> 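Just passing along the structure, written as structure tokens.
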Amino acid sequence: MSTAARWAAPAAGDADLVSGEAVRLDVRAARIGSRVLALLIDVLLQLVFGLLLIVITALTLAALPYGLFDAALERALLTVGVVLLLIGYPVCFERLNEGRTPGKAAVGLRVVSHDGGPVGLRQSLTRALVGVAVEWPGLVLPLLSWVAGATVMLTDARGRRLGDLVAGTLVVHTRTAVSWRPVPAPLPVLTSWAYTLDLSRLDPSLALATRQYLTRSHQFAEPARSDLARQLWREVAATTGPPPPPGLPESVYLAAVLGERHRRARQRLAGERGLTAALWPQLGSTPTFRSAEPTLTAPLPDPVPTSVPGPVPSPRAVEAGQAAPGGLVGVRPSVPARRSGADGTGGH
């Protein structure tokens with residue numbers, strides 16, 4: 001597989017979620033590392049809530065008359081408290097906080113349905129029951145269930161646990177994975193060489209892989225950074241020409257090629273916009289919007305005639321070229337050319 005094929009597909013969007021409208025969602029699936037961190041935060045909060053619940057329950061029972069509290073009531077309250085902490089805690093937060101418990105919200109995770117929609121009550125309850133039974137705390141064979149749950153999460157393509165598989169849910173990231181940096185500018189010493197480059201055979205996927213490397217190269221350590229730059233440059237040099245001046249790192253050549261490609265794209269876009277503005281000037285002008293409400297304006301006054309018009313002549317008189325008294329004709333002829341009448345007068 002070429003470097004462009006491996007770099008053209010970004011790391012984001014590996015959750016493979018398709019909405020009900022057949023649209024692929026660009027989200028990342030949460031793996032075991034981030035999910036364990038969120039679980040630890042939730043466990044600490046559950047312990048704090050448990051201590052508060054114990055204190056409130058103790059104060060309430062202390063206010064009751066002597067003899068009402070016995071061992072059966074103690075076991076019943078203990079069972080209710082455990083159910084509230086282990087099942088009610090995740091179900092309530094996932095339903096009220098858009099699929100996020102406090103631990104998931106702190107790490108940037110969210111529980112969604114298999115189609116990317118919000119998680120439902122049945123799904124949240126199923127996840128919690130399966131988690132308590134066979135995952136955490138794992139009431140059924142704790143050690144064996146822990147190993148089975150970790151194995152399922154490590155082997156699943158989207159990092160799902162047993163509760164997710166049973167409930168039809170998925171945990172995804174809600175934050176951007178990386179912060180992109182601008183592409184480095186080409187060195188002035190390579191400007192004249194970049195102008196002579198033949199970029200007609202440069203594949204767009206290879207150009208995208210080059211851009212991704214240049215914007216994320218600060219995240220790589222040596223020698224992986226230099227090895228990847230050399231591999232990318234070998235593929236770019238095979239589709240471009242002439243060869244560059246020697247003595248510079250491969251990443252500098254890649255930045256020059258990408259910068260020249262962007263410069264030509266901007267120049268081509270400017271030429272297309274100029275041609276469009278020349279052919280269709282109205283496309284480049286700022287559009288004017290008329291108000292939907294009618295504008296009330298005063299009517300313009302009628303022009304003042306230079307002479308008082310006489311009676312409107314008949315059509316026969318107009319065709320014969322006879323003007324009305326006063327020199328004005330009430331009906332304009334179809335041909336606005338000067339016609340000479342028998343009496344020497346012209347009609348309009």
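What's counted below: heavy atoms across the whole structure, side chains too, no hydrogens, waters or symmetry copies. All values reported here derive from a predicted model rather than from experimental measurement.
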> Please check this pair: side chain of Thr174 against backbone of Gly108, looking for a donor-acceptor N/O pair closer than 3.5 Å.
yes
> Mark yes or no for whether Tyr213, through its side chain, and Arg225, through its backbone, hold a donor-acceptor pair below 3.5 Å.
yes
> Can a donor-acceptor pair be found, under 3.5 Å and without considering hydrogens, that links the side chain of Arg268 to the backbone of Arg263?
no
> Is Val43 close to Trp136 at the side-chain level, that is, under 4.5 Å between some pair of heavy atoms?
yes
> Looking at Leu275, is its backbone amide N or carbonyl O close enough to the side chain of Trp280 to form a donor-acceptor pair, meaning the two atoms are under 3.5 Å apart?
no
> Taking atom OG of Ser145 and atom CG of Leu162, what is their separation to the nearest 0.5 Å?
9.0 Å
> How far apart are the closest heavy atoms of Ala256 and Leu190, and which atoms are they?
CB-CD1, 3.9 Å
> Spell out, as yes or no, whether a donor-acceptor pair under 3.5 Å connects the side chain of Asp198 to the backbone of Gly241.
no
> In Å, rounded to the nearest 0.5 Å, how long is the span from CG of Leu109 to CZ of Arg31?
12.0 Å
> Taking all heavy atoms of Ile41 and all of Ala106, pick out the closest pair and write down the distance.
CD1-CB, 4.0 Å
> Name the one of Leu61, Ile54, Thr60 that satisfies side-chain contact (heavy atoms from CB on, under 4.5 Å) with Thr57?
Leu61
> Less than 4.5 Å apart, any side-chain heavy atom of Arg160 and any of Val152?
no
> Could you pull out the closest heavy-atom pair between Asp164 and Leu170, with the gap in Å?
OD1-N, 4.4 Å
> Are any of the side-chain heavy atoms of Arg261 and Arg211 separated by less than 4.5 Å?
no
> Which distance, rounded to the nearest 0.5 Å, do you find between the OG1 of Thr210 and the CG of Asp203?
10.0 Å
> Do the side chain of Trp193 and the main chain of Pro245 share a donor and acceptor less than 3.5 angstrom apart?
no
> Is there a continuous path of hydrophobic side-chain contacts, each under 4.5 Å between heavy atoms, that joins Met153 to Val134?
no
> Could you check if a side-chain atom of Leu248 sits within less than 4.5 angstrom of a side-chain atom of Val189, using non-hydrogen atoms only?
yes
> Whether the Arg127 and Thr169 side chains hold a donor-acceptor pair (N or O, under 3.5 Å, no angle test) is what I'd like checked.
yes
> Assign the ring pair Phe49 / Phe93 to parallel, tilted or perpendicular, where the plane angle (0 to 90°) is split at 30° and 60°.
parallel
> Spell out, yes or no, whether Leu199 and Val252 are grouped together once hydrophobic residues are joined by side-chain heavy atoms under 4.5 Å, including indirect joins.
yes
> Would Ser226 and Glu222 count as a side chain to side chain donor-acceptor pair (under 3.5 Å) if you check the C-alpha gap in whole Å, the side-chain angles of each, and the deciding distance to 0.1 Å?
CA-CA 6 Å; Ser226 300; Glu222 295 292 349; 2.7 Å; yes
> Do the side chains of Val257 and Leu202 get nearer than 4.5 Å, heavy atoms only?
yes
> Of Arg264, Arg266, Glu260, which meets side-chain contact (heavy atoms from CB on, under 4.5 Å) against His262?
Arg266
> For Arg273, is the CZ atom crowded, meaning more than 12 foreign heavy atoms sit under 6.0 Å from it?
no
> Would you say the side-chain atoms of Ser124 pair up with the backbone N or O of Leu121, donor to acceptor, closer than 3.5 Å?
no
> Kindly give the heavy-atom pair with the smallest separation between Lys104 and Asp42, and that separation in Å.
N-OD2, 4.2 Å
> How long is the span from the CZ atom in Arg158 to the CG atom in Leu165, to the nearest 0.5 Å?
9.0 Å
> State, with a plain yes or no, whether a side-chain heavy atom of Gln123 is found less than 4.5 Å away from one of Ser113.
yes
> Keeping the roles fixed (side chain from Ser34, backbone from Ala30), state whether a donor-acceptor pair exists under 3.5 Å.
no
> Within the structure provided, determine whether Tyr89 and Leu84 are in side-chain contact (heavy-atom separation under 4.5 Å).
no
> Just how far is it from atom OG1 of Thr240 to atom CG of Leu206, taken to the nearest 0.5 Å?
9.0 Å
> Determine the minimum heavy-atom distance between Ser251 and Leu214, stating which atoms define it.
O-CD2, 3.9 Å
> Any side-chain heavy-atom pair from Leu86 and Val132 closer than 4.5 angstrom?
yes
> Check for me, please, whether Leu85 and Leu44 land in the same ILVMFWY cluster - side-chain distances under 4.5 Å, paths through other members count.
no
> Would Val107 end up clustered with Leu45 when hydrophobic side chains under 4.5 Å apart are linked, directly or stepwise?
yes
> When you group the ILVMFWY residues by side-chain heavy-atom contacts below 4.5 Å and let the links chain together, are Leu73 and Leu78 in the same group?
no
> Measure the spacing between CG of Leu40 and CZ of Arg35 and express it to the nearest 0.5 Å.
13.0 Å
> For Arg100 and Glu94, indicate whether the former's side chain and the latter's backbone hold a donor-acceptor pair under 3.5 Å.
no
> Looking only at heavy atoms, what is the nearest atom pair of Ala207 and Leu258, with distance?
O-CD1, 4.0 Å
